[in-house]
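The structure appears below as structure tokens.
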Amino acid sequence: QVQLVESGGGSVEAGGSLRLSCAASAYTNFCMAWFRQAPGKEREGVASMNAEGGTTYAESVKDRFTISKDNRKDILSLQMNSLKPEDSAMYYCAANPARRFCTGASTLRAGVFGVWGQGTQVTVSS
């Protein structure tokens, strides 16, 4: 089974930027996504990418976050700009090796993905 390892989290002031990376242990020709979970809140989908490169974003991060993948290195990234305090959360990389297509808001649900990384913390101060 593919394994995912996130990196790149940290602390930043509001308006700043961070780039998260997710290294996969296998070829990633399937759906992948970024989720986040703040204390006391449910895990929410941030952005997803299908095998052909199609992307979906949560409304709260559109025009600020960009999901991308380096297919040669099997690394999924999340570039986060104009960060806000409400973006503070543990960020998780997720994958569904059995699914190639995952565009649309309905795919930004934790139940769609069965493989998860350990998470990386993002803290945005005001």
Side-chain angles (χ1 to χ4, degrees):
Q1 177 169 309
V2 64
Q3 294 181 324
L4 306 172
V5 179
E6 302 97 332
S7 62
S11 297
V12 65
E13 292 185 351
S17 298
L18 281 174
R19 185 177 182 87
L20 306 182
S21 294
C22 171
S25 63
Y27 184 51
T28 53
N29 192 27
F30 42 72
C31 292
M32 298 187 73
W34 286 98
F35 283 74
R36 65 188 181 186
Q37 188 168 18
K41 295 187 177 181
E42 292 187 356
R43 190 167 296 190
E44 65 169 337
V46 174
S48 67
M49 175 175 277
N50 64 23
E52 281 69 35
T55 59
T56 299
Y57 293 92
E59 286 295 327
S60 61
V61 306
K62 275 183 179 178
D63 300 323
R64 298 189 300 123
F65 290 11
T66 302
I67 189 172
S68 61
K69 186 153 63 80
D70 184 332
N71 290 317
R72 291 182 302 170
K73 298 181 179 179
D74 294 315
I75 294 176
L76 183 76
S77 297
L78 184 69
Q79 177 66 41
M80 305 185 295
N81 298 328
S82 301
L83 282 161
K84 305 175 181 180
E86 51 263 44
D87 294 318
S88 296
M90 185 71 79
Y91 282 71
Y92 297 91
C93 178
N96 183 337
R99 187 165 174 172
R100 289 176 55 86
F101 303 103
C102 54
T103 53
S106 64
T107 62
L108 288 178
R109 295 182 292 112
V112 172
F113 299 88
V115 180
W116 295 86
Q118 82 289 349
T120 185
Q121 180 67 40
V122 171
T123 303
V124 184
S125 59
S126 58

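- Between Ala47 and Leu108, the shortest heavy-atom contact is C-CD2, 3.7 Å.
- Considering CZ of Phe35 and CZ of Arg109, their distance stands at 9.0 Å, rounded to 0.5 Å.
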Could you check Trp34 against Phe65 for ring pair (Phe, Tyr, Trp, His ring centres under 6.0 Å), going step by step and ending with a plain yes or no? CA-CA 11 Å; Trp34 286 98; Phe65 290 11; over 10 Å; no
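- A 6.0 Å sphere centred on CD of Gln121 holds more than 12 heavy atoms belonging to other residues, nucleotides or ligands.
- Residues Leu20 and Val12 fall within the same hydrophobic cluster, defined by Ile, Leu, Val, Met, Phe, Trp and Tyr side chains chained together at heavy-atom separations under 4.5 Å.
- The main-chain N or O of Cys93 is found under 3.5 Å from a side-chain atom of Glu6 such that the two form a donor-acceptor pair.
- Summarising the geometry of Ile75 relative to Ser21, their closest heavy-atom pair is CG2-CB, 4.1 Å, with the distance given to 0.1 Å.
- Taken from OH in Tyr57 to CG in Leu78, the straight-line distance is 7.5 Å, to the nearest 0.5 Å.
- Residues Val61 and Val122 fall within the same hydrophobic cluster, defined by Ile, Leu, Val, Met, Phe, Trp and Tyr side chains chained together at heavy-atom separations under 4.5 Å.
- In terms of heavy-atom proximity, Ser17 sits nearest to Asn81 at OG-OD1, 2.9 Å.
- Counting all heavy atoms, side chain and backbone alike, Cys102 lies closest to Met49 at SG-O, 3.6 Å.
- Annotation: side-chain hydrogen bond (donor to acceptor under 3.5 Å, both in side chains) contacts involving residues 44-54, sequence neighbours excluded, comprise Arg36-Glu44, Glu52-Arg100.
- Qualifying salt bridge (charged side-chain N to carboxylate O under 4.0 Å, His left out) partners for Glu59, counting only residues two or more places apart in sequence or in other chains: Lys62.
- Tracing side-chain contacts under 4.5 Å through hydrophobic residues (I, L, V, M, F, W, Y), one reaches Tyr91 starting from Leu76; they form part of the same cluster.
- At distances below 3.5 Å, at least one donor-acceptor pair connects side-chain atoms of Ser88 with backbone N or O atoms of Val124.
- Put simply, the side chain of Trp116 does not reach to within 4.5 Å of the side chain of Leu4, judged on heavy atoms.
- To the nearest 0.5 angstrom, Thr107 atom OG1 is 13.0 Å from Phe101 atom CZ.
- Side-chain atoms of Arg99 do not come within 3.5 Å of backbone N or O of Cys31 as any donor-acceptor pair.
- When all heavy atoms are compared, the tightest approach of Ser125 to Pro85 is C-CG, 4.5 Å.
- A distance of 12.5 Å separates CD in Gln79 from CD1 in Ile67, rounded to the nearest 0.5 Å.
- Of all non-hydrogen atoms in Gly117 and Tyr92, the two that sit nearest each other are O-CD2, 3.6 Å.
- When atom types are taken as modelled, the side chain of Lys69 and the backbone of Thr28 share a donor-acceptor pair closer than 3.5 angstrom.
- No chain of hydrophobic side-chain contacts below 4.5 Å, direct or via other Ile, Leu, Val, Met, Phe, Trp or Tyr residues, connects Val115 to Phe113.
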